[in-house]
Protein chains: 4
Amino acid sequence: METNYDKILKATIELMCNNGYHGTSIQMIADNVGITKSTVFHHFKNKETILLSILDEYVPSATEGLKKIVNDSSLSGVEKLKRFILHHMKLVGAQGDIINLNLRESRYFGDKNRQIYEESQRVYARLVRGIVVQIQDEENTIFKGLNPKVVANAIQGMCNWSVLWYEKEGELDMDGIARQFYQILTCGISEAFLKQKSESKLSV
Amino acid sequence: METNYDKILKATIELMCNNGYHGTSIQMIADNVGITKSTVFHHFKNKETILLSILDEYVPSATEGLKKIVNDSSLSGVEKLKRFILHHMKLVGAQGDIINLNLRESRYFGDKNRQIYEESQRVYARLVRGIVVQIQDEENTIFKGLNPKVVANAIQGMCNWSVLWYEKEGELDMDGIARQFYQILTCGISEAFLKQKSESKLSV
Amino acid sequence: METNYDKILKATIELMCNNGYHGTSIQMIADNVGITKSTVFHHFKNKETILLSILDEYVPSATEGLKKIVNDSSLSGVEKLKRFILHHMKLVGAQGDIINLNLRESRYFGDKNRQIYEESQRVYARLVRGIVVQIQDEENTIFKGLNPKVVANAIQGMCNWSVLWYEKEGELDMDGIARQFYQILTCGISEAFLKQKSESKLSV
Amino acid sequence: METNYDKILKATIELMCNNGYHGTSIQMIADNVGITKSTVFHHFKNKETILLSILDEYVPSATEGLKKIVNDSSLSGVEKLKRFILHHMKLVGAQGDIINLNLRESRYFGDKNRQIYEESQRVYARLVRGIVVQIQDEENTIFKGLNPKVVANAIQGMCNWSVLWYEKEGELDMDGIARQFYQILTCGISEAFLKQKSESKLSV
DNA sequence: AATGAATGAGGCTTCATTCAT
DNA sequence: AATGAATGAAGCCTCATTCAT
């Protein structure tokens, strides 16, 4: 059975995605769940803690996934980029709402928690930058002569921005979007990947 | 002399960028300017109007600039892309705060105004998409076989995301960032542009 | 072993002394003891009952002590005054916190209990007034021509006020303070008492 | 015309005297005045500030009065004591409610203001102690051999306690109570004062 | 004996806004 | 042009208490 605790988290994700942190009141959350304000405070010390609980469940696992890709020394930089985009866009597809919260609302945390979350975002950014640097080392044509920081931010912007326009029930699927992003960045240099990818899709 | 009207706009930009629409109160604005709440309402009918006035001054001119580029039939698609990025990133550099507001806080408008702003964003997006389509028509290697909508969103994400990480006093200048974005998207296919650009810089 | 029941009483005394009745919440009490709110209600019907239990244990015994002194027909009024002060100040020293509660927080009782406690304070006051009257009857110089009610209140004020300034670990001991109070009131008329008292101290 | 500001102060004095600081809600104050909660906050930043404003108006003037007496080098210690008691008891009669607040509720201030008020009470206490010491220097029989701190506290207790039992409309007048307090402390040594005092009363 | 879940009432405070001056 | 007074609505949160386990 779904507990009120879980229902509160779920309702908060939805509401804060639509209305933002400050635009979502405890009353709205309570109404959405069908309980009283008091009950919300029975489960969570305060409003910030609700958002914190949501992000605490998501952020570490997202970073873990990326770390695994980056630290796999058997992979080429390009391969890592490909996997990162697939990994990241899959998250956007599956947990777009939470990513949305992480990107937009974590800045409303109090000092302590905000620093934690800004740090976690810096960590994530640093991992992406690592991929870019490796590609620049290995490849001759891709990202050549460019500032890794700029490139990494460009990649992340391209991917993260999708939380604003991607429609779950729309015509585009996340896998397809990810592959297109990859192609934009690598300019079709390894089109083999695209074919291989769509074949492998059959076997899943 | 700077009028209170202007001071209110300026203070609101700063405060809403840091705290969001709901996180910025009329009292905060008044304090920041050094006037009373009442005076704020003397100049603006209500809170929403303040944000509206800020965006109304910025958005049309931004769209105008883009329209000029897109409608110039003497330009190739690639050239339009180059100019769009330069144009857009210059805006981010000069008016990053306002773009920030436009992207993040316009969703808090009431129904009527929100629709207006969503429409203006759709217009902007359509213009960008037009550039992508033109490039696909003209070029053989760039954006080949990709969904124009995805590409346009990727470009806009790459660019807009910079409002979150670009530091005005930092080491990177907007011109440089714009050129790197262009290169990422075109994979250095027209490196001539980069050279030409840095030369032209001397003559300006 | 100290039961939770006792721990709750102890914590409540401390907390209410520092924060007052309204300033002390069940949550604070529970936290202070290291149990849950529910457990507090398991032991006490409601908040008022906790305070009631504390005072019910103390007040009757205090009154009893005073009654014994007053009703001992073998004692002179001055002797009764001396003993009352010693008795009362010893209570302040040993149970200052509870006296504090009795004096300051009993007014927050509900109607019924408040009346009980106000009555108990009237009883106490009447006993003290009895001592004053007896002194006026027996002595020529002490309290002569004064209103017994005023004198009794003066004595009680002098004594009770000490809960606000007496420091348990300070330089002054309650016995000494009591003797000085006695001397102030009797103006050293029976200094013999003081000598006798300090000698008797050796034999105790 | 009496402003809402003043009405709020007046209502707060009465309510907090009866119900204490924590027992008095802003709603109660608003109701008592006949305004809304919001209006209370229009005039006072927060609840604490209301109490602060009340005490800030009273405390300094009370201390000033005492200082004048103590610093008048033409007066004997006994005369100062007499005047102090009259001064202090007159305050109790006229502003008993505020003294009550000062003594009982100032402890609920936040750290900063509490320290200010505790210091102001220490100052007051020190002045009283000064009188006691002067008497011990000048007189042979009064307060002889006693700890000045204890005596000063005894005097203050005797006087302050009266806020709890003095009834404005009762049979006793403050002048009479003050004179009786004086006689208790000095044991009728200067009965002349009492006569003189009651005569002077005629001429007023 | 002890606790977790739940809640209605209320507490302090902020907010956007109106009105009279 | 600017402000002080006033307010209704709402916001976050605490409180004492009940109930089922």
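Chain naming here is simple, since letters A, B, ... match the order of the sequence lines and numbering starts at 1 in each.
- Dashed line: the shortest gap from a side-chain N or O of B/Asn4 to OP1 or OP2 of F/dA2 is under 4.0 Å.
- Base-pair partner of E/dT13: F/dA10 (Watson-Crick or G-U wobble, both distances under 3.5 Å).
- In terms of position on DNA chain E, the residue among C/Phe41 and A/Phe41 whose nearest nucleotide sits closer to the 5' end is C/Phe41.
- In the set E/dG4, E/dT7, E/dA16, the nucleotide with an atom closest to the side chain of A/Ile35 is E/dT7.
- Between the P atom of E/dA5 and the CD1 atom of A/Ile8 lies a distance of 11 Å, rounded to the nearest Å.
- No side-chain heavy atom of D/Val40 sits less than 4.5 Å from a side-chain heavy atom of D/Val33.
- Looking at heavy atoms from C-beta onward, B/Ser106 lies out of side-chain contact with B/Leu101 at the 4.5 angstrom threshold.
- Listed by residue number, D/Asn46, D/Lys47 are the residues of residues 42-51 of chain D with a heavy-atom contact under 4.0 Å to DNA chain E.
- In this entry the distance linking CG of D/Asp31 with C1' of E/dG10 reads 13 Å, nearest Å.
- In this structure, the side chains of A/Lys7 and A/Lys10 stay at 4.5 Å or more apart for every pair of heavy atoms.
- For the pair C/Lys37 NZ and E/dG4 C1', the computed distance is 10 Å after rounding to whole Å.
- Using a 3.5 Å distance cut-off with no hydrogens or angles, the side chains of B/Asp111 and B/Gln115 do not pair a donor with an acceptor.
- Figure legend. F/dG4 is base-paired to E/dC19; pairs are counted as Watson-Crick or G-U wobble with both atom distances under 3.5 Å.
- In this entry the distance linking CD of B/Gln27 with C1' of E/dT17 reads 13 Å, nearest Å.
- Distance CD1 (D/Ile29) to P (E/dG11): 11 Å, rounded to an integer number of Å.
- Between A/Thr36 and the phosphate of E/dT7, there is a side-chain N or O to OP1/OP2 separation shorter than 4.0 Å.
- Side chains of D/Asp56 and D/Ser53: a donor-acceptor N/O pair is absent below 3.5 angstrom, by distance only.
- The shortest distance between the side-chain N/O atoms of D/Thr39 and the OP1/OP2 oxygens of F/dA5 is not below 4.0 Å.
- Of the two residues near DNA chain F, C/Ile26 and A/His22, the one whose nearest nucleotide lies more 5' is A/His22.
- Put simply, the side chain of D/Glu118 does not reach to within 4.5 Å of the side chain of D/Phe109, judged on heavy atoms.
- Here D/Thr3 lies out of heavy-atom contact (under 4.0 Å) with every strand.
- Relative orientation of the D/Tyr5 and D/Phe44 rings is parallel, given thresholds of 30° and 60° on the angle between their planes.
- In this structure, of E/dC12, F/dT17, F/dT18, it is F/dT18 that holds the atom nearest to the side chain of C/Ser38.
- Regarding contacts with the backbone of E/dC15, a side-chain N or O of B/Ser25 is found under 4.0 angstrom from either OP1 or OP2.
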